[in-house]
Each structure stands twice: as structure tokens, then as C-alpha cells.
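In this text, all values refer to a predicted model and were calculated from it rather than measured experimentally.
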Amino acid sequence: QVQLVESGGGLVQPGGSLRLSCAASGSIFSIRFMGWYRQAPGNQRERVASITTAGSTPYYADSVKGRFTISRDYAKNTVYLQINSLKPEDTAVYYCNAKGATISRTSFDAWGQGTQVTVSS
């Protein structure tokens, strides 16, 4: 079993910043993908940023390029999302996702419980 625990959400004013964290734990052999998704009320879940192996180019949705930065601590199985210049339209529940292999060499595709980000004055 693999668990993801997110933290760092909250209420912030427009133009503010937040840093989200997601730590993976459990029977992990390797993680090939870690990403952040978000879902606003009435909208589908969308991928905002993701990162794979060291040295690879991260993915960013067009709507967040230049404002969001994803990073990964490979030793800690943790992924971060630095969010700057927040806009009201960034308001959503942010979810962490990780894909990889367990110690028993089975594949996993795990999701965190979500963390609320609210941008409002």
C-alpha cells in the first residue's frame, strides 16, 4: 500500500503565495511520476504540474506557467508545488498523484486526500 499526505493549503489573498507538499509512504520501490491536479466546483480535475525523473522537464498547464513551480525530493519521496501570484481562479482542491512500483513490483497509482486552496480578498 502507498499513501500520499498533502499539506500546505489555505486561504490567501490574490497575489499571494503558498507551498504545497505531498509525502508518499508505504511499500514503495520506485516512483516514476509525481504530479499535482486541481478540481474546482463544477469542473473536471485537471493536471497543473508534474515531474518524472531527475533531469526531465516538468509539465505545467498553460494556465499556471510562470507562476507554479514543481519540485521533488527523491530521497524523501516528496513533491512540492510552489504557487506564486495566486489568482481567484486558482481556487480549488489540489490533489497529489504518484505512480510507480511497490516493493513487490506491482504498479501503484495513488492519490492524496486533497488540500483546499482558496484565493480571496
Side-chain angles (χ1 to χ4, degrees):
Q1 296 289 346
V2 177
Q3 300 82 36
L4 302 183
V5 177
E6 301 135 338
S7 61
L11 172 64
V12 64
Q13 292 185 342
S17 298
L18 283 174
R19 188 188 193 214
L20 308 183
S21 300
C22 170
S25 62
S27 303
I28 298 170
F29 174 73
S30 64
I31 299 177
R32 61 178 173 81
F33 172 97
M34 296 193 85
W36 288 96
Y37 293 72
R38 68 185 180 186
Q39 187 168 20
N43 291 355
Q44 290 188 334
R45 190 173 297 188
E46 63 169 341
R47 179 169 52 137
V48 295
S50 61
I51 188 167
T52 56
T53 55
S56 62
T57 300
Y59 164 87
Y60 295 100
D62 288 342
S63 58
V64 308
K65 283 180 180 177
R67 300 188 299 119
F68 289 19
T69 302
I70 189 170
S71 60
R72 182 175 166 183
D73 186 325
Y74 291 84
K76 296 181 179 179
N77 287 331
T78 299
V79 66
Y80 305 95
L81 187 67
Q82 177 68 40
I83 309 175
N84 298 328
S85 303
L86 277 157
K87 305 175 181 180
E89 51 264 41
D90 294 319
T91 296
V93 178
Y94 284 70
Y95 297 91
C96 175
N97 174 248
K99 298 178 177 59
T102 66
I103 293 174
S104 57
R105 301 304 191 268
T106 58
S107 298
F108 70 84
D109 184 351
W111 290 88
Q113 79 284 359
T115 185
Q116 177 71 47
V117 172
T118 302
V119 185
S120 175
S121 55

Chemist: Holding to side chain to side chain contact (heavy atoms under 4.5 Å, CB included), I want the full list of residues that pass it with S56, two or more places apart in sequence or in another chain.
Modeler: T52, T53
Chemist: Tell me whether F33 is reachable from V64 by hopping between hydrophobic residues (I, L, V, M, F, W, Y) whose side-chain heavy atoms are closer than 4.5 Å.
Modeler: no
Chemist: Could you tell me if the side chain of Y80 sits less than 4.5 Å from the side chain of T69, heavy atoms only?
Modeler: no
Chemist: Give, for atom CD1 of I31 and atom CG of L4, the distance between the pair rounded to the nearest 0.5 Å.
Modeler: 7.5 Å
Chemist: For residues 82-96, run the donor-acceptor check on the side chains, cut-off 3.5 Å, and write out each pair with its distance to 0.1 Å, sequence neighbours left out.
Modeler:
from : atom 1 : to   : atom 2 : distance (Å)
Q82  : NE2    : N84  : OD1    : 2.9
N84  : OD1    : S17  : OG     : 3.0
D90  : OD1    : R38  : NH1    : 2.9
D90  : OD1    : R67  : NH2    : 3.0
D90  : OD2    : R67  : NH1    : 2.7
D90  : OD2    : R67  : NH2    : 3.4
D90  : OD2    : K87  : N      : 2.8
T91  : OG1    : P88  : O      : 2.9
T91  : OG1    : V119 : N      : 2.9
Y94  : OH     : R38  : NH1    : 3.0
Y94  : OH     : D90  : O      : 2.7

Chemist: Is Y37 reachable from L81 through a run of hydrophobic residues whose side-chain heavy atoms are each under 4.5 Å from the next?
Modeler: no
Chemist: Could you tell me the separation between the SG atom of C22 and the CH2 atom of W111, rounded to the nearest 0.5 Å?
Modeler: 10.5 Å
Chemist: Taking N97 for its side chain and G112 for its backbone only, find out whether a donor-acceptor pair lies under 3.5 Å.
Modeler: no
Chemist: Donor-acceptor check, side chain of Q1 to backbone of G26, threshold 3.5 angstrom: yes or no?
Modeler: no
Chemist: Nearest 0.5 angstrom please: W36 CH2 to E46 CD, how far?
Modeler: 14.5 Å
Chemist: Rounded to the nearest 0.5 Å, how far does CD1 of I70 lie from OG of S50?
Modeler: 6.0 Å
Chemist: Do I28 and M34 land in one hydrophobic cluster if side-chain heavy atoms of ILVMFWY residues count as linked below 4.5 Å?
Modeler: yes
Chemist: Please determine whether residues L20 and Y74 belong to a single hydrophobic cluster, defined as Ile, Leu, Val, Met, Phe, Trp and Tyr linked transitively by side-chain heavy-atom distances below 4.5 Å.
Modeler: yes
Chemist: Does any non-hydrogen side-chain atom of L11 lie less than 4.5 Å from one of S120?
Modeler: yes
